[in-house]
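As structure tokens, the structure follows; a few thoughts come after it.
What you see is a predicted model, and the numbers here were worked out from it, not measured in a lab. Hydrogens, waters and symmetry mates play no part in the numbers below; they use all other heavy atoms, side chains included. The chains referred to below are lettered A, B, ... by the order of the sequence lines, with proteins before strands, and numbering in each begins at 1.
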Amino acid sequence: MTEMEKTYAPQAIEEALYKEWEESEAFGCGIDMAKKPFTIVIPPPNITGQLHMGHAMDNTMQDILIRFHRMRSGAALWVPGTDHASIATEVKIIERMAEEGLTKEQIGREAFLERAWAWKEEYGGQIVRQLRRLGSSCDWSRERFTMDEGCSEAVLEVFIRLYQKGLIYRGDRIINWCPVCKTALSDAEVEYEEQATQLWHIRYSGPHGDVVVATTRPETMLGDTGVAVHPKDPRYQALVGKTVILPLVGREIPVVADDYVDMEFGTGAVKMTPAHDPNDFEIAQRHGLTVLRVMDDAGVMNNEAGRFEGLTGKECRAQVVEELKATGALEKITDYTHNVGTCYRCHTTVEPLVSRQWFVKMKPLAEPAIAAVREGGTRFVPERFEKTYFNWMENIRDWCISRQLWWGHRIPAYYCDACGETTVAKTAPEKCPQCGGSVRQDEDVLDTWFSSALWPFSTLGWPSDTADLRYFYPTSVLVTGYDIIFFWVARMIFSGIEQMGEPPFHTVLIHGLVRDAQGRKMSKSLGNGVDPLEIIDLYGADALRFSLTAGISPGNDMRFSTEKVEAARNFANKIWNAARFAQMNLEGFEPLPDPADLALADRWILTRYQDATREITAHLEGYDLGLAAQKVYDFAWSEFCDWYIELAKPRLSGEDKAAKGNARAVLLHVLTGLLKLLHPVMPFLTDAVYRHLPGTEGTIMLAKWPEPDPVYDFPNHAARMDGVLDAIRAVRNLRAEMKVPVGRRAQLMVLPQSGWAETLADAAPLFQRLAWVSELTVLDATPDGGQLVSAVCPAAELYIPLGDLVDVEKEMARLAKECEGLRKEIARAEGMLNNPGFTGKAPAHLVEAERAKLDANRTMLATLEARAGALVERA
RNA sequence: GGGGUCAUAGCUCAGCUGGUUAGAGCGCUACGUUGACAUCGUAGAGGUCGUAGGUUCAAGUCCUAUUGACCCCACCA
């Protein structure tokens with residue numbers, strides 16, 4: 001045993017300890033068919049990423065579960081990896097190139113990809129190193145990347161399978177176009193923001209009558225190919241089936257009737273721009289309206305816009321409004337606030353437009369995915385997120401998966417220009433299988449979430465039939481924030497079911513966001529983010545982990561504050577010092593003695609320890625990590641440190657060899673056990689301390705998780721000890737109220753309640769040590785004398801002779817106050833017990849407990865009243 | 001428009017399927033060098049659990065309504 005420093009210094013031990021863990025392969029998990037593995041796949045962080053508080057919490061939770069199960073069953077696997085993050089990474093690389101004055105078009109696809117891979121090499125390792133600093137016990141030998149060979153193979157395989165089943169198709173559909181990222185986006189990638197704008201009311205005239213339409217985007221009128229009204233709208237009956245003339249353009253466009261139109265809103269007539277509005281597109285499909293695109297991918301008006309060609313959308317709007325005013329077609333302009341879609345990466349307003357893209361047909365995939373959750377094959381914790389999931393899955397639309405980007409999995413579709421044939425294959429066909437012409441590959445890549453969706457099985461070797469895949473799939477739990485249920489969780493579920501035949505995990509553990517101390521979302525733009533690495537430097541990884549876990553409830557957001565981290569750091573120090581104390585008193589390993597030889601205090605702490613073990617285990621099994629951490633904290637600090645260590649001191653420093661040995665053995669046993677219970681949350685501290693303790697071997701990581709042992713469980717004795725502790729507290733309380741300085745010895749006389757005499761007499765050394773008692777006298781009758789202060793507790797009446805220090809009036813006031821409290825409590829209990837409803841219907845043990853409490857309180861009250869009476873007489 | 005969360009001590013939050021006199025951390029007050037720990041100890045003050053009903057022997061916990069803060073989804077042009 002090496003000497004322990006006076007305070008815990010995490011900086012001194014974390015790095016070396018982690019290195020040792022990793023090199024010893026303690027993070028690994030072999031295949032052992034006799035054991036059911038507990039498996040988690042990491043939500044792969046982006047290679048562009050820096051570890052932020054969200055990651056820190058997410059990964060701490062995963063690590064807690066993994067470490068818990070590893071200790072418990074010896075078979076736990078946490079698969080790490082990173083995500084290529086197609087769009088996010090590409091944007092960053094383009095930004096970097098812009099600093100050199102380069103664009104990706106200038107350097108070309110191949111050179112661009114070289115840069116991207118170089119980027120990956122440079123930054124991809126960063127976040128993974130940061131995860132190590134947190135203490136994440138991932139099996140790094142299995143680290144994966146969404147674009148590594150195996151994951152890419154999985155992507156191709158899935159694409160081809162879905163294509164062959166008709167679940168992937170290419171078509172001209174309305175998609176969300178980001179004019180800055182210059183790519184299509186899926187619906188999930190659009191975020192809506194409220195914007196104040198205007199509503200332009202424009203009159204479309206025609207031979208059969210006029211109609212006024214309202215729009216938020218007047219420039220899109222150039223692409224109008226119809227007007228829609230509600231079929232039952234009396235105002236427009238005559239116009240349905242006829243045509244009106246599109247102002248500025250002069251095109252004759254039909255008026256159609258469709259239920260979609262809301263008669264109450266605006267004028268009840270809607271201009272139809274099928275190429276630039278998703279609803280219009282759908283109505284156009286129903287009525288056979290032309291789809292006319294007037295804007296190109298960069299948001300510039302194209303040749304279909306006639307004389308407006310070449311203008312940007314904004315310029316075009318101004319121009320169109322100007323001309324409409326001039327021609328008198330503009331009826332009015334009103335203020336209007338509505339939600340506009342923006343790109344989730346760059347927050348540019350997205351342009352809905354018709355484009356030829358690849359889609360996944362969602363209905364057939366969504367159905368079994370809904371059923372899996374509904375039937376309990378996968379369950380969300382907390383359960384309420386199932387509603388979110390169902391709501392999304394049940395209203396899902398086809399998933400646009402092609403992106404006009406270069407960094408990502410290139411779509412394995414090959415087109416023949418000669419005959420128009422499309423070939424979907426893992427490798428490029430040499431020539432068109434139809435006509436023998438030459439083929440070219442689709443230029444686009446897949447949505448980055450397409451590969452993430454396969455993560456739980458692609459990382460285990462799929463599509464190969466590997467031993468890992470057979471053993472570890474389906475995984476156990478997925479841990480993530482509620483913000484990516486749609487992006488990722490839902491897609492993993494349907495992909496797992498479709499490809500593997502069963503959902504990828506049985507539980508989805510959802511956590512909230514980490515907010516700043518004021519409750520605001522941490523963000524780069526606000527600059528209110530707290531860097532977890534700085535916190536680790538200052539307070540240690542364990543303190544950070546604990547502060548992100550303790551007292552947190554699943555699915556709820558939390559506020560991060562350094563005060564919380566400080567409290568956690570203090571806790572780490574407390575444990576450290578408890579161990580230091582133990583180390584100073586131990587003399588090597590001593591096993592628990594025969595239960596019959598144990599002192600009352602030993603029985604008490606062993607029982608409490610078992611209670612804690614049961615409770616913490618249950619909380620971890622139920623994913624209540626916050627409660628588990630809280631419970632270890634309370635047990636360690638309030639029971640073990642505050643009480644047991646103090647209770648053990650008289651024996652540890654005493655002369656009785658046997659008693660000393662017993663106290664040592666119990667101290668060591670409970671301390672070692674509590675370190676194990678704490679290890680999942682505070683891995684560094686617990687392992688460092690563990691190695692200082694006698695009788696331990698290797699790392700605590702691989703130690704066996706504590707299990708309750710009936711031989712050392714003494715609930716009745718624990719209750720006796722609680723009686724003694726109550727009495728000690730009562731004495732301390734008395735002294736504090738009488739302003740007797742701590743440390744100044746005073747005599748104590750106790751008049752035991754029936755059955756307590758021996759216990760109290762035996763506890764004399766404890767009173768001496770913990771309540772600064774000079775001498776304890778056990779009485780057999782109420783003492784006489786006014787210069788006493790008294791208290792009463794379930795075990796005994798307590799008297800302290802304080803001589804002249806006793807202020808009789810004050811003492812009487814104090815007694816009166818205590819009596820008052822007791823009377824209230826007695827009245828409450830009597831009320832309950834006199835209620836036949838309670839005695840008749842409540843569980844018997846509760847009624848019994850209530851009755852016992854009432855009796856005890858009555859006895860105490862009688863004592864106090866007698867005492868008060870005696871004082872009155874004397875006065 | 002639909003769905004959800006939160007409201008408990010001065011502050012930040014726990015409180016599982018309803019059952020002791022509702023808890024913790026921080027802060028506050030008083031006292032304190034008992035050789036593990038001042039990153040500490042002892043004692044204390046502080047809450048009619050947002051409001052109004054209801055169910056029940058029993059409600060912070062379940063139901064309904066309501067007020068306030070917030071989030072997600074939908075996207076009526």
So, [X] side chain and [Y] main chain: donor-acceptor pair closer than 3.5 Å or not?
X      : Y      : answer
A/N835 : A/G831 : no
A/Q11  : A/D537 : yes
A/T337 : A/Q195 : no
A/R491 : A/F487 : yes

Within a 6.0 Å radius of atom CD on A/E394, are there more than 12 heavy atoms belonging to other residues, nucleotides or ligands?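 Buried by this count: over 12 neighbours within 6.0 Å.
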Are there over 12 heavy-atom neighbours, none belonging to A/E193, within less than 6.0 Å of that residue's CD?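 More than 12 within 6.0 Å, yes.
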Would you mind reporting whether A/V740 and A/W772 have side-chain heavy atoms less than 4.5 Å apart?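 Heavy-atom side-chain distance check fails, nothing below 4.5 Å.
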Side chains of A/K853 and A/L833: closer than 4.5 Å at any heavy-atom pair? no
Select one nucleotide: of [options], the one nearest the side-chain heavy atoms of [X].
X      : options             : value
A/K574 : B/A77, B/A36, B/U39 : B/A36
A/E563 : B/U39, B/C26, B/A36 : B/C26
A/K853 : B/U20, B/C75, B/U39 : B/U20
A/P843 : B/G19, B/A43, B/G25 : B/G19
A/N570 : B/A36, B/A77, B/C40 : B/C40
A/V261 : B/C72, B/C37, B/A77 : B/A77
A/F265 : B/C76, B/A74, B/G41 : B/C76

Using the [atom1] atom in both, what is the distance from [N] to [M], to the nearest Å?
N     : M     : atom1 : value
B/C16 : B/G27 : P     : 28 Å
B/A24 : B/G15 : P     : 15 Å
B/G4  : B/C76 : P     : 23 Å
B/A59 : B/U20 : C1'   : 15 Å
B/U55 : B/C62 : C1'   : 8 Å
B/A7  : B/A52 : C1'   : 16 Å
B/C63 : B/U5  : P     : 10 Å
B/U8  : B/C70 : P     : 16 Å

What class does the angle between the rings of A/F571 and A/Y633 fall in, given that below 30° is parallel, 30 to 60° is tilted and above 60° is perpendicular? tilted
Within the structure shown, what part of the strands sits under 4.0 Å from [X] by heavy-atom distance: base, sugar-phosphate, or nothing?
X      : answer
A/K824 : nothing
A/D262 : base
A/A567 : sugar-phosphate
A/W200 : nothing
A/Y633 : sugar-phosphate
A/D642 : sugar-phosphate
A/Y192 : base

Run the salt bridge (Lys or Arg N to Asp or Glu O under 4.0 Å) check on A/K817 and A/E737 step by step: do they pass? CA-CA 13 Å; A/K817 197 180 153 201; A/E737 279 190 61; over 6 Å; no
Rounding to an integer number of Å, can you tell me how far [X] [atom1] sits from [N] [atom2]?
X      : N     : atom1 : atom2 : result
A/N339 : B/C73 : CG    : C1'   : 11 Å
A/R735 : B/U42 : CZ    : P     : 14 Å
A/K521 : B/C70 : NZ    : P     : 14 Å
A/R397 : B/C73 : CZ    : P     : 14 Å
A/M272 : B/C76 : CE    : C1'   : 11 Å
A/D280 : B/C75 : CG    : P     : 13 Å
A/N733 : B/G44 : CG    : P     : 5 Å
A/E639 : B/A24 : CD    : P     : 13 Å

Closest non-hydrogen atom pair between A/F640 and A/L667, with its separation: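 The pair with the smallest heavy-atom distance is CZ-CD1, 3.7 Å.
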Quick one: does A/R569 reach the base of B/U39 with a side-chain donor-acceptor pair under 3.5 Å?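 Per atom types, the contact qualifies.
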Polar pair under 3.5 Å, donor/acceptor by atom type, side chain A/E646, base B/A36: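 Indeed there is one.
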I want to check one thing: is the phosphate of B/A77, taken as OP1 and OP2, less than 4.0 Å away from some side-chain N or O of A/H338? yes
Measuring to OP1 and OP2 of B/U42, would you say a side-chain N or O of A/W643 lies under 4.0 angstrom away? no
Going by side-chain hydrogen bond (donor to acceptor under 3.5 Å, both in side chains), name the residues that satisfy it together with A/N733, two or more places apart in sequence or in a different chain. none
Which residues pass the side-chain hydrogen bond (donor to acceptor under 3.5 Å, both in side chains) test with A/D557, sequence neighbours left out? A/Y482, A/R515
Every protein N/O lying under 3.5 Å from an N/O of nucleotides 61-63 of chain B:
none

side-chain hydrogen bond (donor to acceptor under 3.5 Å, both in side chains): pairs with one or both residues in residues 265-281 of chain A, sequence neighbours excluded: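 Sorted result for residues 265-281 of chain A: A/T220-A/K271, A/D224-A/K271, A/D224-A/T273, A/Y260-A/N279, A/K271-A/T273.
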Where each residue is assigned the nucleotide of RNA chain B containing its nearest heavy atom, which of A/W772 and A/K817 is assigned the position nearer the 5′ end?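 Comparing both residues, the 5'-ward one is A/W772.
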With nearest nucleotides of RNA chain B determined for A/G268 and A/W392 from heavy-atom distances, which residue corresponds to the more 5′ nucleotide? A/W392
Contact string for nucleotides 3-17 of chain B, one letter per nucleotide 5' to 3', B = base within protein heavy-atom range under 4.0 Å, S = sugar-phosphate only, - = neither, reads -SS------SSSS--
Write out the stems for RNA chain B, ordered by first number and formatted as range with range, counting runs of at least 3 consecutive Watson-Crick or G-U wobble pairs under 3.5 Å. B:1-7 with B:67-73, B:10-13 with B:23-26, B:28-32 with B:40-44, B:50-54 with B:62-66
Within the 3.5 Å criterion, strictly below it, is a donor on A/E189 or A/Y344 matched to an acceptor on the partner's side chain?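 Yes, a side-chain donor-acceptor pair sits under 3.5 Å.
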